[in-house]
Amino acid sequence: MILITGGAFQGKLEAAEELFSEKESGKEPLVLEGTQKELERLQKADIIHDFHLWIRGILEESKDPYEMTEKLLETNPSVIIILNQMGCGIVPIDSFDRKYRETVGRIGCLLAQKAEEVYLLNCGIARRLK
């Protein structure tokens, strides 16, 4: 698994597509959005964009996002996951939004631990962290 993280609108999807094309020459990646809630579909994706939105949807359904993330990684170990950084701003007043923000950060740490490669993107420039 490869993790790409950074702020919103920093070029993460383009970087993921470039990484995919380097590894899978000539193949078009299956890119699914984090708003796609069905785990079965995400298990077939090459790239999952806006994974933080998937985490939000799982929390809204009162399901365990950690367990669901583990299932995803078990069945799709070569996926590229794009996750926005959410902890560099104002702490939300709403308790759900605080829980969501914290969960995204903690799952990001989990993903980074398990990832073969981790990239931080800023201004369209990818820096490999791992």
Side-chain angles (χ1 to χ4, degrees):
M1 181 260 297
I2 296 174
L3 174 64
I4 299 176
T5 188
F9 310 108
Q10 296 296 310
K12 296 182 295 297
L13 180 57
E14 292 83 3
E17 291 172 333
E18 187 175 314
L19 280 170
F20 182 83
S21 68
E22 288 172 9
K23 293 182 187 287
E24 301 284 338
S25 183
K27 183 181 171 197
E28 192 70 28
L30 174 59
V31 179
L32 293 178
E33 296 292 323
T35 54
Q36 172 67 54
K37 294 194 174 127
E38 289 81 17
L39 182 60
E40 296 76 27
R41 289 216 48 214
L42 293 179
Q43 290 168 332
K44 297 173 185 163
D46 297 311
I47 299 171
I48 301 173
H49 186 239
D50 289 337
F51 191 69
H52 57 282
L53 296 178
W54 185 72
I55 294 169
R56 183 178 189 94
I58 297 301
L59 286 171
E60 287 171 342
E61 293 175 2
S62 299
K63 294 181 182 173
D64 182 358
Y66 298 95
E67 180 184 329
M68 301 291 278
T69 299
E70 290 287 352
K71 284 181 186 177
L72 174 64
L73 296 179
E74 286 172 17
T75 56
N76 193 351
S78 62
V79 68
I80 299 174
I81 295 177
I82 301 170
L83 179 75
N84 276 10
Q85 284 186 333
M86 309 219 19
C88 300
I90 297 169
V91 177
I93 293 173
D94 181 73
S95 64
F96 176 83
D97 287 339
R98 283 193 308 274
K99 178 181 179 181
Y100 165 56
R101 180 179 183 239
E102 179 179 341
T103 303
V104 168
R106 293 190 186 278
I107 288 180
C109 293
L110 172 75
L111 292 172
Q113 252 183 349
K114 293 179 178 272
E116 296 168 21
E117 300 172 30
V118 178
Y119 294 88
L120 175 63
L121 245 96
N122 196 0
C123 298
I125 300 171
R127 179 181 304 153
R128 186 171 176 170
L129 302 177
K130 176 180 174 184

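The analysis underlying the following values was restricted to heavy atoms, covering all of them including side chains, and did not include hydrogens, waters or symmetry mates. The structure presented is a predicted model; accordingly, all values stated were derived computationally and were not measured.
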Within a reach of under 6.0 Å around CD of E116, are more than 12 heavy atoms found that belong to other residues, nucleotides or ligands? no
Side chain to side chain contact (heavy atoms under 4.5 Å, CB included) partners for E67, two or more places apart: D64, K71
For residues Q43 and N76, report the shortest heavy-atom separation together with the two atoms involved. O-ND2, 3.1 Å
Within-4.5 Å side-chain heavy-atom neighbours: L3 and F51: no
Determine whether L39 and W54 make a side-chain contact, defined as any pair of heavy atoms from C-beta on separated by less than 4.5 Å. yes
Could you tell me whether R127 atom CZ has more than 12 heavy atoms of other residues or ligands within 6.0 Å of it? no
Between the main-chain N or O of L83 and the side-chain N or O of K12, is there a donor-acceptor pair closer than 3.5 Å? no
Please find the pair of heavy atoms, one from K114 and one from L73, that lie closest to each other, and give the distance. CD-CD1, 3.7 Å
Which residues share a side chain to side chain contact (heavy atoms under 4.5 Å, CB included) with N122, sequence neighbours left out: Q10
Check whether any side-chain N or O of D50 sits under 3.5 Å from a backbone N or O of E33 as a donor-acceptor pair, and report yes or no. no
Separation between CZ (F9) and SG (C123), nearest 0.5 Å, reads 14.0 Å
For K99, is the NZ atom crowded, meaning more than 12 foreign heavy atoms sit under 6.0 Å from it? no
Validation row: E24, D46 side chains within 4.5 angstrom (heavy atoms): no
Can you check whether S21's main-chain N or O pairs, donor with acceptor, with K27's side chain at less than 3.5 Å? no
For L13, what residues pass the side chain to side chain contact (heavy atoms under 4.5 Å, CB included) criterion, not counting sequence neighbours? E17, V31, I47, H49, I82
Between R128 and V118 (side chain of the first, backbone of the second, donor and acceptor by atom type, cut-off under 3.5 Å), is there such a pair? no
Any side-chain heavy-atom pair from N84 and V104 closer than 4.5 angstrom? no
Testing the basics here: between L121 and A126, what is the closest heavy-atom pair and its distance to 0.1 Å? CD1-CB, 3.4 Å
CE on M1 to CD1 on I81, rounded to 0.5 Å: 5.0 Å
To the nearest 0.5 Å, atom CD1 of I4 lies from atom CG of L111 at 12.0 Å
Qualifying residues under side-chain hydrogen bond (donor to acceptor under 3.5 Å, both in side chains), relative to E102, sequence neighbours excluded: R106
Closest non-hydrogen atoms of P65 and I55, given as atom of the first, atom of the second and distance, are CB-CG2, 4.2 Å
Are F20 and I2 connected in the hydrophobic side-chain network, where two residues link if heavy atoms are under 4.5 Å apart? yes
SB check E117 K23 (cutoff 4.0 Å): yes
Give, for atom CZ of R56 and atom CG of L53, the distance between the pair rounded to the nearest 0.5 Å. 8.5 Å
Within the 4.5 Å heavy-atom criterion, are L120 and Q85 side-chain neighbours or not? yes
Can you pull the ring pair (Phe, Tyr, Trp, His ring centres under 6.0 Å) pairs that have at least one residue in residues 64-121, sequence neighbours excluded? none
Mark yes when over 12 heavy atoms from residues, nucleotides or ligands other than E22 sit less than 6.0 Å from its CD; otherwise mark no. yes
Residues in side chain to side chain contact (heavy atoms under 4.5 Å, CB included) contact with R101, at least two apart in sequence or another chain: M86, V91, P92
Can you measure from CD1 (I48) to CD1 (I80) and round to the nearest 0.5 angstrom? 10.5 Å
